[in-house]
**Student:** 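The structure under discussion is supplied below as structure tokens; questions concerning it will follow.
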Amino acid sequence: MRTPLILIQVLGATSVLALSACGNGMDHGSMDNDAMAGMDMGAGDMGDMDMGDGGHGGMPGPTMLAPAPWSGSLSTTDAIDTNAGANVVEVTLRATQTEIEYLPGKKTKAWTYGGTVPGPTIRAKVGDRIIVHFRNDLPEATTIHWHGVRLPSAMDGAGPATSAIAPGATFDYTFDALDAGTYWYHPHVMANEQVDKGLYGAIVITDPGEPTLPVVADEVMILDDVMLDAATGEQMAMKDDMRTQMMGLEGNLALVSGRRSNVGLSVRAGELRRWRFVNSANARYFKLSLVGGTMQQVATDGTLLEKPTAVSELLLVPGERADVVVRVDAPSTTATLRAVPYERAMEGGATTPIDLVRLISTADAPAAASLPTTLRAFTPLSSPAAVRTLRLGERMSSTRTVFTINDAAFPDVPTLNAKLGTVEEWAIQNESEMDHPFHLHGFFFQPVGARTRKDTINVPAKTTVRVLVDFHPHTGAAGGWMYHCHILEHAEGGMLAEVKVE
Ligand SMILES: [Cu+2]
């Protein structure tokens, strides 16, 4: 007997967006520079993909729009805690249609949490009870999945213990904050379409027991991209496009916390800023470099590293998070956060460089600040009780590309059975010619050889990545949990399955 799972539905129906007058979205367009110099308005340059020979080669990504640099804020809205209790965070989230101004003077129909992209940041501390009163005012069913958060399976917004929330219906998500870190939330129904329309936000859990970092700012930086018609500002339907089916949907405009790249921020040389990066894109790999500044990674997927680690380039795959501390060294200079090319398929997957954020330092004398030398103690996991191999593959059916786990596509991938309280080694063997970002719900894993824990990890093409999965008990941990590729079109295309934990 197969339990119906709440997931991305294969080849689901296209949703028709109705124009809504509610909310005015986030006012991105009122910033200083609305000129679109350098922006290629030629319609022929968008959506005109070379289908190549049916392989991955010769399938370059979309030509990026390059709006003129502008300056403004990247701050996100915080969810309002309506509970006076010191250890309860109670918020209301409403999924709703609205319009967002991604391009100056253009309105883009979007699906949002609370009228903004990204949705409000939910902030809590370890030990808090988090209550989210959710109302679905979208025209189709949805859920909220709390990516990376250990919580009861019935609250995960995915898998056999949950059901979709119908249009007009409500649901209360309740769970306790167990682990400090940077997480995010998004739908797990028709995720490739719903996330792309703007349904995502961050959840930040702090731990008063963790070392305080001497930073002047602690900001959520959610990286995304959208495929826009430059003339109208509307999102282009791309799901039937051959490249989108193969490589996942990549847009032609990069977004940083819902604002078009490339935004300028005024900073003081020497001061430290914590950026909590989240990659919420369907498929785009962001390989980040801070040209003219320094970047020290302090956390991955929500967990502090043992010590700050200088990084010149940082690959952030869909679903993954990384906390970094950035600094501009000299006064009166500009450092640029840039997404540099990364080849995620054997051919044709690389992108052109994209300038995301500029840090423009003032003439003030540099501030002096440095990070603590240690951040957290780490205890490696014990020897695994079981070893499994998961082979990631792809094949062509008569109508589309099928993405597989051990040669089967969801819902035909056999459910794994694991025992609570044990550690398993999973060898994730990528037999395909493109990278896949692997995500497990509900539990952390430790990459073999690494001294940290994660929930999302890149598995490069033709490469095996080994992880130790920690089936550590927590409230509600028994049950079915999804694992899948976080390129949302690949999950929709079959690369998704369940592990039943008892
Ligand atoms: Cu994939």
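Order of appearance sets the numbers: ligands from 1, and atoms from 1 within every ligand. Everything numeric here is computed off the predicted structure, so don't read it as measured data. The basis for the numbers below is simple: all heavy atoms, side chains too, and nothing from hydrogens, waters or symmetry mates.
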**Student:** With distance as the sole test, does Asn192 use its side chain to make a donor-acceptor pair with the main-chain N or O of Asp196 at under 3.5 Å?
**Tutor:**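 Checked: no pair found.
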**Student:** Out of Lys106, Lys197, Lys109, which residue meets the salt bridge (Lys or Arg N to Asp or Glu O under 4.0 Å) rule with Glu234?
**Tutor:**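 The passing option is Lys109.
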**Student:** Under 2.8 Å from the Cu ion (ligand 1), which protein N, O or S atoms are there? Could you list them by chain and number?
**Tutor:**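 Near the Cu ion (ligand 1), the protein supplies His436 ND1, Cys485 SG, His490 ND1.
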**Student:** Tell me every residue that passes salt bridge (Lys or Arg N to Asp or Glu O under 4.0 Å) with Asp137, counting only those two or more places apart in sequence or in another chain.
**Tutor:**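 Expected list: Arg94, Arg135.
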**Student:** Classify the side-chain pair His484/His490 by whether it contains a donor and acceptor separated by less than 3.5 Å.
**Tutor:**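 There is no such pair between these side chains.
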**Student:** Kindly write out the residues that satisfy side chain to side chain donor-acceptor pair (under 3.5 Å) with Trp146, not counting sequence neighbours, or none if the list is empty.
**Tutor:**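 Trp146 satisfies side chain to side chain donor-acceptor pair (under 3.5 Å) with no other residue.
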**Student:** Can you list the residues that meet the side chain to side chain donor-acceptor pair (under 3.5 Å) rule with Thr206, with sequence neighbours excluded?
**Tutor:**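 Scan of Thr206 (side chain to side chain donor-acceptor pair (under 3.5 Å), adjacent residues dropped) gives none.
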